[in-house]
2 protein chains.
Amino acid sequence: MSQRRGRFPTREELRIWRDFIETTDALRAAMAARLQNDSGLSTGDYSVLLALSEAPNGRLRSSELAATIGWERSRLSHHLGRMDKRGLIRRENCTGDNRGAEAVLTEEGAAAFHRATVPHLRAIRELFVDGLTPAQVAAAGKLAAALREHLGNGGGPQEIP
Amino acid sequence: MSQRRGRFPTREELRIWRDFIETTDALRAAMAARLQNDSGLSTGDYSVLLALSEAPNGRLRSSELAATIGWERSRLSHHLGRMDKRGLIRRENCTGDNRGAEAVLTEEGAAAFHRATVPHLRAIRELFVDGLTPAQVAAAGKLAAALREHLGNGGGPQEIP
DNA sequence: CGGAAATGATTGACGTGTCAATTATATTCC
DNA sequence: GGAATATAATTGACACGTCAATCATTTCCG
């Protein structure tokens, strides 16, 4: 196994890459479809509502909300616009910093979130957990950690001293 | 470990789910950004060009192309429209079946694909393979297979006889 | 033959994500 | 104090994906 770095992926590695990325994509799509069907929410909606539900008073500053769910600001801004139009959240000015904006959970948003929770948890079990052995679930966690760590380091070319 | 099915995911399973889905998403985004940067192609463009490159005479019927890369037809139709406008492919009528359409690789498309290939393979190695141990790469393959198999079966509630 | 159903592909509407530019307010520092 | 800069958020343009509707052609079959 000499010289693992600085070469192209093998056929097998390539096959696994494609399989992996396509499958996770299909998984995401299936989950999105389930959520949409069960509750009329997109996964984005769910993330936002979850974060707001867990925040004190159901309100968060835009930038903190973005950080919490790991979104870019502009993405969040667009999404909040759509959710506002649907009455799931409300925008308010941020007291103390007139640049800021706060997103506030509405009654309707909270209700939608509560309706979505149980079916969504069930979907996670059915689509993900039930498809794997406990060992594989653990492996998925390890895998995610390793990939995330690597991506965090830029994922770039690895220096070999 | 009694009664694994028919319950909600545990906290740990939920954490892993979120970690897994977010990380694979970040991976996809990173790969898309790399490809875009290196060659001006989207991952969709790359899939289409790859399939056409491997097809005899660089041409494929729309429906076969869709099947090859696993896309819905309407998605492909929209994408081919964009690629056509950029000169990467050309549309021709299908001889023998006037309903059909063929997508044909242009010189420009072939050139763009060739320019993209090496950097893309390098990116797969750097972002994916290099972030994992060989055992983890193999585990990723197994994981994808298990998830895909489960999704293929509907991923629905599991009957317990 | 000829009309109904099936097939191949496109289109339009809409939600979504990214990037670059913009607006408005705060902070910094001379 | 006031110009330069930094920060918070929004906006517009555009690529992308999905769904339902549409259009053209072909196939089926009575």
Side-chain angles (χ1 to χ4, degrees), chain A residues 21-22 25-37 39-48 59-104, chain B residues 22 25-37 39-48 59-86 88-104:
Chain A
I21 211 65
E22 278 168 22
D25 210 35
L27 180 58
R28 173 184 349 279
M31 187 61 71
R34 270 289 274 269
L35 190 56
Q36 186 67 236
N37 231 30
S39 59
L41 296 178
S42 70
T43 57
D45 297 336
Y46 191 86
S47 294
V48 167
R59 65 173 56 221
L60 270 179
R61 233 178 121 147
S62 261
S63 51
E64 293 182 23
L65 178 49
T68 301
I69 60 183
W71 284 13
E72 295 192 7
R73 260 139 15 116
S74 119
R75 177 180 177 185
L76 180 61
S77 193
H78 282 298
H79 206 95
L80 289 182
R82 293 186 289 261
M83 292 181 74
D84 190 348
K85 202 156 40 172
R86 289 193 289 151
L88 297 171
I89 60 115
R90 192 166 13 102
R91 286 167 136 132
E92 289 187 4
N93 285 342
C94 179
T95 66
D97 185 342
N98 288 321
R99 292 170 304 187
E102 280 184 334
V104 189
Chain B
E22 279 169 21
D25 210 34
L27 180 58
R28 173 184 347 278
M31 187 62 70
R34 268 292 272 272
L35 190 57
Q36 186 67 237
N37 229 33
S39 58
L41 297 178
S42 70
T43 56
D45 298 335
Y46 191 84
S47 295
V48 169
R59 66 173 53 222
L60 269 179
R61 240 182 114 143
S62 261
S63 52
E64 293 183 22
L65 178 48
T68 302
I69 59 183
W71 284 13
E72 295 192 6
R73 286 220 291 229
S74 117
R75 176 180 177 186
L76 180 61
S77 193
H78 281 299
H79 206 95
L80 288 182
R82 292 187 290 263
M83 292 181 74
D84 191 350
K85 203 157 41 175
R86 290 193 289 151
L88 296 172
I89 60 114
R90 193 166 14 101
R91 286 182 210 250
E92 290 187 5
N93 284 342
C94 180
T95 66
D97 187 341
N98 287 321
R99 291 170 305 187
E102 280 184 334
V104 188

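Fair warning: this is a prediction, and the values are worked out from it, not measured in the lab. By convention in this document, chain letters (A, B, ...) are assigned in the order of the sequence lines, proteins followed by strands, and residues within each chain are numbered from 1.
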Under 4.5 Å between any side-chain heavy atoms of [X] and [Y], yes or no?
X	Y	result
A:Asp97	A:Arg61	yes
B:Asn93	B:Asn98	no
A:Ile21	B:Met31	no

Subject >> Contact list for DNA chain D against residues 81-89 of chain A - heavy-atom distance below 4.0 Å >> reply: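 The stretch gives none, as no residue of it lies under 4.0 Å from the strand.
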Original post:
Starting at the 5' end of DNA chain C, which residue's closest nucleotide do you reach first, A:Asn98 or A:Thr43?
Top reply: A:Thr43
Subject >> All pairs passing ring-ring contact (aromatic ring centres under 6.0 Å, His included) where residues 81-101 of chain A contributes a residue, at least two apart >> reply: none
**OP:** At the 4.0 Å heavy-atom cut-off to chain A, mark where contacts on DNA chain C begin and end, going 5' to 3'.
**Re:** C:dG15 to C:dA26
Can you give me the closest heavy-atom contact between [X] and [Y], atom names plus distance?
X	Y	answer
B:Ile69	B:Ser47	CG2-O, 3.8 Å
B:Leu65	B:Ala103	CD2-CB, 4.2 Å
B:Cys94	B:Ala101	CB-N, 4.0 Å
B:Ala66	B:Leu76	N-CD2, 3.6 Å

**OP:** Give the B/S/- string for nucleotides 2-11 of chain D, one per nucleotide from 5' to 3', where a protein heavy atom under 4.0 Å of the base yields B, of only the sugar-phosphate yields S, and otherwise -.
**Re:** -----BBBBB
Subject >> Residue pairs involving residues 66-75 of chain A (criterion side chain to side chain donor-acceptor pair (under 3.5 Å); sequence neighbours excluded) >> reply: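 Counting only pairs at least two positions apart or across chains, no side chain to side chain donor-acceptor pair (under 3.5 Å) contact touches residues 66-75 of chain A.
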Enumerate donor-acceptor pairs with a distance under 3.5 Å from any side-chain N or O in residues 77-85 of chain B to protein atoms, sequence neighbours excluded.
residue: B:His79; atom: ND1; partner: B:Arg82; partner atom: NH2; Å: 3.2
residue: B:His79; atom: NE2; partner: B:Asp45; partner atom: N; Å: 3.4
residue: B:His79; atom: NE2; partner: B:Asp45; partner atom: OD1; Å: 2.7

Subject >> Whole-Å distance separating the NE2 atom of B:His79 from the C1' atom of D:dC14 >> reply: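 Atom NE2 in B:His79 sits about 14 Å away from atom C1' in D:dC14.
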